[in-house]
Amino acid sequence: MDDDAVFKALADGSRRKLLDRLYERNGQTLSELCVGLDMTRQAVAKHLGLLEEANLVSSERHGREKLHFINPVPINEIAERWIGKFEHRRLRALADLKEILEGGSQ
């Protein structure tokens, strides 16, 4: 796995938004992913290409359609390597506290 490619791909908010949309509903076409975004079709295709290079997205042809699927493995490997070595319980407790203090949940 190329950590640099994964971090580069995740550094962009537009690419994270595409990953979020694929997480919500996996197997979308380029046209479906473009709906509601303030980006051109070409920009979305370019972002998807970078996500594919980082192995965060894969695509599969179904007839004339090309479907895109999220691949969570590289993100999990990053989490295991970079986050897992810290004490997960303490980090979770801090994240919960931050959410409560910001009014996210009570």
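This is a predicted model, so every value here is computed, not measured.
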Task: Pairing of Arg81 and Glu77 as salt bridge, 4.0 angstrom limit - done: no
TODO: Using a strict cut-off of less than 4.0 Å between a Lys/Arg side-chain nitrogen and an Asp/Glu carboxylate oxygen, indicate whether Arg21 and Glu32 qualify as a salt bridge.
DONE: no
- [ ] Taking the side chain as every heavy atom from C-beta outward, state whether Ser31 and Glu65 have any pair of such atoms under 4.5 Å apart.
- [x] no
Task: Test item: Leu51 and His68 side chains (from C-beta on) under 4.5 Å apart, heavy atoms - done: no
Open item on the list: Restricting to non-hydrogen atoms, name the atom on Val6 and the atom on Pro74 that form the minimum distance, rounded to 0.1 Å.
Closed with: CG2-CB, 3.9 Å
Rounded distance (nearest 0.5 Å) linking atom [atom1] of [X] with atom [atom2] of [Y]:
X     : Y     : atom1 : atom2 : answer
Lys66 : Glu60 : NZ    : CD    : 11.5 Å
Asp3  : Ile78 : CG    : CD1   : 4.0 Å
Ser58 : Glu52 : OG    : CD    : 7.0 Å
Asp2  : Phe7  : CG    : CZ    : 10.5 Å
Asn55 : Asn71 : CG    : CG    : 5.0 Å

Would [X] and [Y] show up in the same hydrophobic cluster when neighbours are defined by side-chain heavy atoms closer than 4.5 Å?
X     : Y     : value
Leu56 : Leu67 : no
Ile75 : Tyr23 : yes
Ile70 : Val35 : no
Met39 : Leu33 : yes
Leu50 : Val57 : no

- [ ] Under the side-chain contact (heavy atoms from CB on, under 4.5 Å) rule, collect the residues that match up with Lys46, sequence neighbours excluded.
- [x] none
In residues 8-19, what donor-acceptor pairs under 3.5 Å come from side-chain atoms, sequence neighbours left out?
from	atom 1	to	atom 2	distance (Å)
Asp12	OD2	Ser14	N	2.9
Asp12	OD2	Arg15	N	3.1
Arg15	NE	Ala9	O	3.0
Arg15	NH1	His47	ND1	3.1
Arg15	NH2	Lys8	O	3.2
Arg16	NH1	Leu10	O	2.7
Arg16	NH1	Ala11	O	3.2

